[in-house]
Amino acid sequence: MLQQHFPLTDRNTLRLVSEASAYAGFRSLAELIQLQGYATRAQLPLRVLGGGSNVLLSEKVNALVVQSESCRIQLVMQNDEVSLVDVDAGMNWHQWVEQSIAFGHGIENLALIPGTVGAAPVQNIGAYGVEVGEFIDSVTGYQLSTRQLRTFSAAECRFGYRDSVFKRELRNDFVILRVRFRLPRRFSPVVSYAPLNSLNAAEITPASLIQAVTDIRMSKLPDPANVPNAGSFFQNPVVSDECARQLAARYPDLPVYAQPHGAKLAAGWLIDQCGFRGKPFGPVAMYEKQALVLTTSSGATLADVRALQKRVQDSVYEKFGVWLEPEPQLFA
Ligand code: FAD
Ligand code: NAP
């Protein structure tokens with residue numbers, strides 16, 4: 001049902017105060033097309049929201065905001081090697097991870113990431129050495145500008161580090177309706193990241209890996225239900241090898257991870273060194289247990305978040321000469 005002047009404060013994990021001009025859930029392509037007709041007549045852009053865990057909402061979102069309410073999981077093909085499974089965009093991501101192990105493996109390390117299946121390809125979600133793009137066969141959705149249903153192969157999705165074509169050229173123009181996963185049936189756990197490398201690879205089961213990741217995350221990251229946040233607020237910067245060498249010479253404790261091109265620095269470490277961890281700035285702060293996570297308290301608005309974002313960016317740049325880019329997308 002379409003509703004006017006719809007509050008979005010409860011629909012984003014930062015709990016930023018926000019209201020949409022109009023809002024509706026949809027369960028099928030036909031319903032989405034009907035909603036596009038309404039938006040055109042009302043001269044409103046159409047914007048798709050998932051679980052609201054990676055967005056920065058403005059106080060007034062002058063748009064028809066839509067959310068997928070479709071959560072089906074369908075096995076398309078299975079052989080000895082692989083399962084192909086279609087999952088609808090509205091499915092909760094963590095619930096899908098828990099159910100995925102009945103079909104195949106690979107996404108266990110992505111347990112407990114908030115949000116929906118439909119948003120997962122947008123920033124190619126990743127954690128503990130695994131990115132979702134490695135396990136996506138194709139993405140199907142509706143392009144608003146051409147009014148066409150389109151399917152993108154994994155190569156066409158152009159997945160990168162927290163990046164994809166949906167975040168770039170197709171931003172605000174493509175509503176993902178379902179994701180086809182290609183899950184190998186053989187379980188080969190990835191335990192290269194520090195908190196997982198103490199696990200005994202020979203003894204891990206898919207369910208115990210999901211549990212281990214869940215436990216680690218619960219011990220370290222704030223639960224958005226209690227402490228509003230959007231996960232990592234800044235992306236880890238990738239700098240040239242020369243820049244990384246110079247910084248590492250000056251700051252021997254700086255975490256540096258080699259990349260195919262250049263080196264990745266831990267943004268949380270840079271922010272912590274500038275003294276932001278746990279210090280409140282009005283209703284916003286960088287989290288005391290992980291300086292990369294921005295948290296809010298009651299009544300925070302986008303302006304409060306932007307003010308702290310700028311302070312952090314300027315301080316890190318002044319100290320290290322590295323510019324941090326925010327990870328959550330502006331939703332206006
Ligand atoms: P939203 O925040 O609602 O939307 C994000 C973007 O995707 C918006 O631009 C929106 O328009 C677009 N979008 C949403 N649905 C669709 C759709 N159906 N079609 C097209 N576009 C769509 N991210 C990681 O990568 N790794 C992590 O480990 C991780 N940990 C997190 C931990 C916490 C505590 C929190 C709060 C966030 C974390 N995140 C992490 C970020 C976030 O959970 C992911 O980016 C997630 O995929 C966002 O899903 P969502 O449904 O909430 O999307
Ligand atoms: P962490 O273990 O404290 O490590 C800090 C950063 O160092 C991470 O961001 C990670 O980069 C990088 N890193 C650590 N070990 C690495 C290795 N062996 N090789 C390459 N890079 C390595 O991180 P954390 O905050 O607890 O998060 C754990 C994982 O969950 C990370 O993968 C992180 O990306 C993910 N996470 C993401 C979000 C989000 O909102 N995007 C929020 C919470 C957690 P990468 O980020 O590139 O992995």
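We count ligands from 1, going down the list as the structure has it; atoms in each ligand are counted the same way.
For N109 (side chain) and Y128 (main-chain N/O), a donor-acceptor pair under 3.5 Å exists by modelled atom type. Under the 3.5 Å distance criterion, the side-chain polar atoms of W93 are matched with a main-chain donor or acceptor of L110. Proximity of a side-chain donor or acceptor of T9 to a complementary backbone N or O of S18 within less than 3.5 Å is detected. A donor-acceptor contact shorter than 3.5 Å links the side chain of S315 to the backbone of R311. Proximity of a side-chain donor or acceptor of T13 to a complementary backbone N or O of N229 within less than 3.5 Å is detected. Judged purely by atom type and a 3.5 angstrom limit, N124 has no side-chain atom pairing as donor or acceptor with the backbone of Y161.
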Check: Can you list the steps and then say if Q67 with Y23 is a side chain to side chain donor-acceptor pair (under 3.5 Å)?
Finding: CA-CA 8 Å; Q67 266 178 328; Y23 170 88; 2.5 Å; yes
Before you tell me yes or no, could you show the steps for D241 and R245 under salt bridge (charged side-chain N to carboxylate O under 4.0 Å, His left out), namely the whole-Å CA-CA distance, both residues' side-chain angles and the distance that decides it to 0.1 Å? CA-CA 6 Å; D241 289 325; R245 246 193 315 274; 5.8 Å; no
* Passes side chain to side chain donor-acceptor pair (under 3.5 Å), R171 versus Q329? Steps please. -> CA-CA 10 Å; R171 183 169 154 80; Q329 301 274 291; 2.2 Å; yes
- Message: Determine whether E19 and K60 satisfy the following criterion, salt bridge (charged side-chain N to carboxylate O under 4.0 Å, His left out), listing intermediate values before the conclusion.
- Response: CA-CA 5 Å; E19 184 188 272; K60 187 84 194 121; 3.0 Å; yes
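For atom 4 (O) of ligand 1, the closest heavy atom belonging to the protein is V55 CG1, 3.7 Å. Atom 1 (P) of ligand 1 has its closest protein heavy atom at G52 N, 3.6 Å. In this structure, the protein non-hydrogen atom closest to atom 44 (C) of ligand 1 is I125 CG2, 3.8 Å. Here the heavy atom of the protein found nearest to atom 42 (C) of ligand 1 is S53 OG, 3.3 Å. In this structure, atom 49 (O) of ligand 1 lies nearest to the protein heavy atom A119 CB, 3.3 Å. Nearest protein heavy-atom contact of atom 22 (C) of ligand 1 is V48 CG1, 3.7 Å. Of the protein's non-hydrogen atoms, I176 O, 3.1 Å is the one closest to atom 18 (N) of ligand 1. At the shortest separation from atom 50 (P) of ligand 1 among protein heavy atoms lies G51 N, 3.3 Å.
Which of G90, P114, G115 comes nearest to atom 46 (C) of ligand 1 through a heavy atom is settled by distance: it is P114. Of the candidates G231, A225, S232, G141, G231 brings a heavy atom nearest to atom 36 (C) of ligand 1. Nearest-residue assignment for atom 26 (N) of ligand 1 (options P224, G126, A127; heavy-atom criterion): G126.
Close contacts between ligand 1 and N54 involve ligand atoms 2 (O), 41 (C), 42 (C), 45 (O), 48 (C) [criterion: under 4.0 Å to a heavy atom]. Ligand-side atoms of ligand 1 in range of A230: 35 (C), 36 (C), 37 (C), range being under 4.0 angstrom from any heavy atom. With ligand atoms numbered from 1 in the order given, ligand 1 contributes 49 (O), 50 (P), 51 (O) to contacts under 4.0 Å with heavy atoms of T116. Listed by number with element, the atoms of ligand 1 under 4.0 angstrom from any heavy atom of V175 are 19 (N). Atoms of ligand 1 found under 4.0 Å from any heavy atom of V122 (numbered from 1 in listed order, with element): 7 (O), 21 (N), 22 (C). Annotation for ligand 1: atoms under 4.0 Å from non-hydrogen atoms of R162 are 25 (O). Using a 4.0 Å cut-off to heavy atoms of I113, the atoms of ligand 1 that qualify are 26 (N), 27 (C), 28 (O), 29 (C), 40 (C), 43 (O). Per-residue contacts place R217 under 4.0 angstrom from the following atoms of ligand 1 (heavy atoms of the residue considered): 27 (C), 28 (O), 29 (C), 30 (N), 31 (C), 32 (C).
Residue contacts with ligand 1, taken as heavy atom pairs separated by less than 4.0 Å, do not involve K167 at all. The proximity of N229 to ligand 1, defined as any non-hydrogen pair under 4.0 Å, involves the side chain as well as the backbone. Contacts of F174 with ligand 1, taken as heavy-atom pairs under 4.0 Å, involve the backbone alone.
Taking the centre of each ring, F181 and F103 stay at or above the 6.0 Å mark.
Close N/O approach between Q123 and ligand 1 is found [any backbone or side-chain N/O within under 3.5 Å].
Of all non-hydrogen atoms in V130 and G106, the two that sit nearest each other are CG1-O, 3.5 Å. Of all heavy-atom pairs spanning N12 and L8, the tightest one is ND2-O, 3.1 Å.
For ligand 2, residues of the protein lying within 4.0 angstrom by heavy-atom distance are G126, A127, Y128, Y161, R162, Y193, R217, K220, L221, G231, S232, N236, Y257, K264, Q290, E327.
Salt bridge present: R180 and D86 bring a charged side-chain N and a carboxylate O closer than 4.0 Å.
Residues D173 and S145 have side chains that bring a donor and an acceptor to within less than 3.5 angstrom of each other.
Under the 4.5 Å side-chain heavy-atom criterion for grouping Ile, Leu, Val, Met, Phe, Trp and Tyr, I210 is connected to V132 within one hydrophobic cluster.
Under the 30°/60° scheme for interplanar angles, the aromatic rings of W323 and Y317 are found to stand perpendicular.
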